[in-house]
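Start at 1 with the first residue, then count along the sequence. Here the structure is a predicted model, which is why all the values come from computation and not from measurement.
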Amino acid sequence: MENTILLVVQVITAFCVIVSVFYLGVQINQQNKITKAQFGFSLTQRLYDRFFQTATDPRFCDLLSKDWAVEELSASQRWQTGFYINALLVDIFDAYDKSAAGLVESSQLEMRMNLLRTGMMKLPQGKMLWNLWKPTRDGAFIEWFENEIFQGEDIWGFDLRESDASKDMFR
């Protein structure tokens with residue numbers, strides 16, 4: 001009788017352990033989904049905030065509507081475009097890292113890359129800023145980014161000392 005009671009207690013204990021492990025797995029899965037949703041929301045919110053701020057700032061809209069490769073920009077406009085490109089790059093870094101970790105959908109990264117593919121990164125100022133950020137990123141990101149943006153274009157030969165943008169950007 002004593003052995004039977006001991007056996008029943010052990011079976012109940014084993015069953016409880018299995019149920020607890022299963023419950024813990026469900027909780028971890030739910031927490032991962034919540035975390036993923038929060039990262040996706042924060043990236044989307046940051047993008048929407050940038051869109052709203054741009055849409056409500058007529059001077060910045062005027063700046064964005066210029067052809068930066070052709071039109072002469074004032075010193076303050078060059079600074080402003082530089083900070084804008086920097087903000088876009090930092091946003092790409094964040095979206096790439098979170099996408100690689102499986103915390104956000106790849107569409108978060110792709111919509112941001114489409115903006116950089118408009119040509120601003122091929123301007124001397126864009127190349128200069130990329131070359132400033134490049135040492136902070138790992139080789140896999142660098143290879144991916146340069147293939148996505150520059151599509152085989154040789155940016156290694158970009159000489160900051162001879163670039164009109166680098167001479168004029170921060171005057």
Side-chain angles (χ1 to χ4, degrees), residues 1-57 60-61 63-64 68 79-123 125-156 158:
M1 178 79 158
E2 197 174 295
N3 286 339
T4 305
I5 293 173
L6 187 58
L7 182 61
V8 169
V9 169
Q10 287 177 341
V11 168
I12 291 172
T13 302
F15 177 74
C16 289
V17 168
I18 291 170
V19 169
S20 295
V21 168
F22 177 75
Y23 177 75
L24 183 60
V26 168
Q27 289 295 95
I28 289 171
N29 187 33
Q30 286 178 339
Q31 186 59 44
N32 286 341
K33 287 179 182 179
I34 290 168
T35 301
K36 187 175 181 178
Q38 286 173 331
F39 280 129
F41 175 77
S42 69
L43 285 175
T44 300
Q45 188 62 44
R46 185 168 50 197
L47 198 59
Y48 288 154
D49 288 345
R50 188 179 310 125
F51 290 160
F52 181 76
Q53 289 172 351
T54 300
T56 57
D57 183 348
F60 193 61
C61 284
L63 177 64
L64 291 178
W68 298 352
W79 271 96
Q80 200 170 18
T81 58
F83 281 114
Y84 180 70
I85 293 171
N86 273 322
L88 296 177
L89 285 171
V90 170
D91 196 41
I92 291 289
F93 301 157
D94 196 24
Y96 178 90
D97 292 342
K98 292 202 175 31
S99 178
L103 296 173
V104 296
E105 300 296 322
S106 61
S107 62
Q108 290 278 358
L109 180 59
E110 187 58 30
M111 73 176 140
R112 287 161 169 78
M113 290 302 291
N114 285 336
L115 182 58
L116 288 185
R117 287 187 192 109
T118 62
M120 70 181 75
M121 292 306 297
K122 292 189 178 193
L123 297 172
Q125 184 179 13
K127 290 178 181 179
M128 181 185 69
L129 291 168
W130 167 239
N131 281 318
L132 291 173
W133 278 105
K134 191 174 180 174
T136 68
R137 302 302 300 181
D138 65 39
F141 178 87
I142 292 168
E143 183 177 342
W144 171 81
F145 183 82
E146 289 183 350
N147 185 54
E148 290 287 319
I149 297 297
F150 302 111
Q151 301 165 344
E153 178 184 332
D154 179 25
I155 63 165
W156 289 102
F158 180 71

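The closest side-chain heavy-atom distance from Met111 to Leu115 is not below 4.5 Å. The shortest distance between side-chain heavy atoms of Met113 and Tyr96 does not fall below 4.5 Å. Contact of the Asp49 side chain with the Phe52 side chain is not registered, since no non-hydrogen atoms from C-beta on lie closer than 4.5 Å. Under the 4.5 Å side-chain criterion, counting only non-hydrogen atoms from C-beta, Ile85 is in contact with Trp68. Two residues are said to be in side-chain contact when any heavy atoms from C-beta on lie closer than 4.5 Å; Leu63 and Tyr84 fail this criterion. Between Leu116 and Leu89, the closest side-chain pair of non-hydrogen atoms falls below 4.5 Å.
Relative orientation of the Phe141 and Trp130 rings is tilted, given thresholds of 30° and 60° on the angle between their planes. Between Phe145 and Phe150, the ring-plane angle classifies as perpendicular under the 30° and 60° cut-offs.
To the nearest 0.5 Å, the span separating OG1 on Thr81 from CZ on Phe60 amounts to 8.5 Å. To the nearest 0.5 Å, atom CD1 of residue Ile149 and atom OG1 of residue Thr118 are 8.5 Å apart. Atoms CD and NZ, from Glu105 and Lys98 in turn, are 14.5 Å apart once rounded to the nearest 0.5 Å.
By the 6.0 Å contact criterion, CD on Gln80 is enclosed, its count of non-hydrogen atoms from other residues, nucleotides or ligands being greater than 12. Other residues, nucleotides and ligands place no more than 12 heavy atoms under 6.0 Å from the CD atom of Glu143.
Residue Pro135 comes nearest to Leu132 through the heavy atom pair CD-O, 3.5 Å, listed as atom of the first residue, atom of the second, then distance. Annotation for Ala95 and Gln108: closest pair CB-O, 4.4 Å, computed over non-hydrogen atoms. Here the closest non-hydrogen pair linking Ser99 and Ser106 is OG-CA, 3.8 Å.
Arg50 pairs by the salt bridge (Lys or Arg N to Asp or Glu O under 4.0 Å) definition with Asp91, not counting sequence neighbours.
Partner of Glu146 under the salt bridge (charged side-chain N to carboxylate O under 4.0 Å, His left out) criterion, out of Lys134, Arg137, Lys127, Lys122: Lys134 alone.
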Inset, instruction - Begin with the C-alpha distance, continue with both residues' side-chain angles, and end with the deciding distance and a verdict on side-chain contact (heavy atoms from CB on, under 4.5 Å) for Trp133 and Thr136. - result: CA-CA 6 Å; Trp133 278 105; Thr136 68; 3.7 Å; yes
For residues 6-27, please give each side-chain donor-acceptor pair under 3.5 Å, one per line with the distance, not counting sequence neighbours.
{"unit_1": "Thr13", "atom_1": "OG1", "unit_2": "Val9", "atom_2": "O", "d": "2.7"}
{"unit_1": "Ser20", "atom_1": "OG", "unit_2": "Cys16", "atom_2": "O", "d": "2.9"}

